[in-house]
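Notes follow once the structure below has been shown.
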Amino acid sequence: LKEDIKKLGSFGELVDVKDGYARNYLLPKGLVWPDSKGYRSKIDELKHKIEVRKEQEKEAALELAEKLKDISVTIEVEVGEDDRLFGSVTNIDIAQKLKDEGVDIDKKIIVIDDPIKKLGVYKVSINLHPEAEAVCKVWVVGKEESN
C-alpha cells in the first residue's frame, strides 16, 4: 500500500485483495504498487526515509519543548468588576504572544483546559508531537489605564 487505507492496511503493508478491486480501483487511483521485488525494495527505502523524518520531527519537538519550558507570556486584558475579563484569553492570543517571543506555534496545538476568564497565572499545554508536550506559563494581567 502507498498509504494507510481504512479497513485494508497501512503504508508498506502487503495485502491480498481480489483482482477486480486491485485492477479497477486501487491501481487506477494510485493507492498501491503491484507485488514485485523492485517495488518491495522501493517500499523499504521509503519506510526508512519516513522513520528518519519522524525521528527528526520528534527531536525538534523535544528541543522546542525544552525552550518553551523557560518561556512565560504576559497577556494584558481589559477587566471589569471582581477582576473578570471582558471575553476570555484564547489559544489565538497565546499563539500570538509566543510568536512575539520568537516561537511560532500553530494555535491548534495549544490546549486550554478551562476558559481563561480571570486574572492570574495559568499553565497551558502545547502538544508539539505525540511524544513531546510542553507547558507554558501564561500571566493574565489587567491593562494599565492611562489618562
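A quick note: this is a predicted structure, and the numbers were derived from the prediction, not measured. Any value given below was found using the heavy atoms of this structure, including those in side chains, with hydrogens, waters and symmetry copies removed.
- Taking a 6.0 Å sphere around CG of Asp16, one finds it holds 12 or fewer heavy atoms contributed by other residues, nucleotides or ligands.
- In the displayed structure, Tyr21 atom OH is contacted under 6.0 Å by more than 12 heavy atoms of other residues, nucleotides or ligands.
- Val111 and Ile109 are members of different hydrophobic clusters when ILVMFWY side chains are connected at heavy-atom separations under 4.5 Å.
- Residue-environment remark: NZ (Lys117) stays at or below the threshold of 12 foreign heavy atoms within 6.0 Å.
- Residue Val121 is not grouped with residue Ile116 when hydrophobic side chains (ILVMFWY) are merged at heavy-atom distances under 4.5 angstrom, including chains of intermediate members.
- A salt bridge links Glu66 with Lys69; the closest basic N to acidic carboxylate O contact falls under 4.0 Å.
- The NE2 atom of His129 sits 10.0 Å away from atom CD of Glu59, with the distance rounded to the nearest 0.5 Å.
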Given side chain to side chain contact (heavy atoms under 4.5 Å, CB included), test Val89 with Ile112 step by step and report yes or no. CA-CA 9 Å; Val89 175; Ile112 302 174; 5.7 Å; no
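- Considering only residues two or more places apart in sequence or on other chains, Asn91 meets the side-chain hydrogen bond (donor to acceptor under 3.5 Å, both in side chains) condition with none of them.
- Side-chain N or O atoms of Asp4 include one that pairs as donor or acceptor with a backbone N or O of Phe11 at under 3.5 Å.
- Contact detail for Ala132 and Ala61: the closest heavy-atom pair is CB-CB, 3.8 Å.
- At a cut-off of 3.5 Å, with distance as the only test, no side-chain donor of Asp44 or Ser41 sits close to an acceptor on the other residue.
- With rounding to the nearest 0.5 Å, the separation of CG in Leu26 from NZ in Lys2 is 11.0 Å.
- Salt bridge present: Lys49 and Glu45 bring a charged side-chain N and a carboxylate O closer than 4.0 Å.
- One hydrophobic cluster, built from ILVMFWY side chains closer than 4.5 Å, holds both Trp33 and Ile50.
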Check against side chain to side chain contact (heavy atoms under 4.5 Å, CB included), Leu31 and Tyr25: CA-CA 8 Å; Leu31 300 173; Tyr25 181 75; 3.8 Å; yes
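- Two residues are said to be in side-chain contact when any heavy atoms from C-beta on lie closer than 4.5 Å; Lys97 and Asp93 fail this criterion.
- Considering all non-hydrogen atoms of both residues, Leu98 and Cys136 come closest at CD2-SG, 4.0 Å.
- When all heavy atoms of Ala65 and Glu133 are compared, the closest pair comes out as CB-O, 4.1 Å.
- A distance of 5.0 Å separates CG in Leu1 from CG in Leu8, rounded to the nearest 0.5 Å.
- Rounding to the nearest 0.5 Å gives a distance of 5.0 Å between CD1 of Ile94 and CD1 of Ile75.
- Both Ile5 and Val15 belong to a single network of hydrophobic side chains, linked directly or stepwise wherever heavy atoms of I, L, V, M, F, W or Y lie under 4.5 Å apart.
- In this structure, the separation between CD on Glu63 and CG on Leu68 is 12.0 Å, given to the nearest 0.5 Å.
- Residues Val140 and Ile71 are members of one and the same hydrophobic cluster, defined by side-chain heavy-atom contacts under 4.5 angstrom among Ile, Leu, Val, Met, Phe, Trp and Tyr.
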Set out, in order, the CA-CA distance, both residues' side-chain angles and the distance that settles side chain to side chain contact (heavy atoms under 4.5 Å, CB included) for Leu85 and Leu119, then state yes or no. CA-CA 7 Å; Leu85 310 185; Leu119 299 181; 3.8 Å; yes
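- Atom CD1 of Ile43 is separated from atom CG of Leu14 by 8.0 Å, given to the nearest 0.5 angstrom.
- Between Gly142 and Val79, the shortest heavy-atom contact is CA-CG1, 4.4 Å.
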Let me see the working for Leu64 and Ile105 under side chain to side chain contact (heavy atoms under 4.5 Å, CB included), right down to the final yes or no. CA-CA 10 Å; Leu64 185 56; Ile105 298 240; 4.0 Å; yes
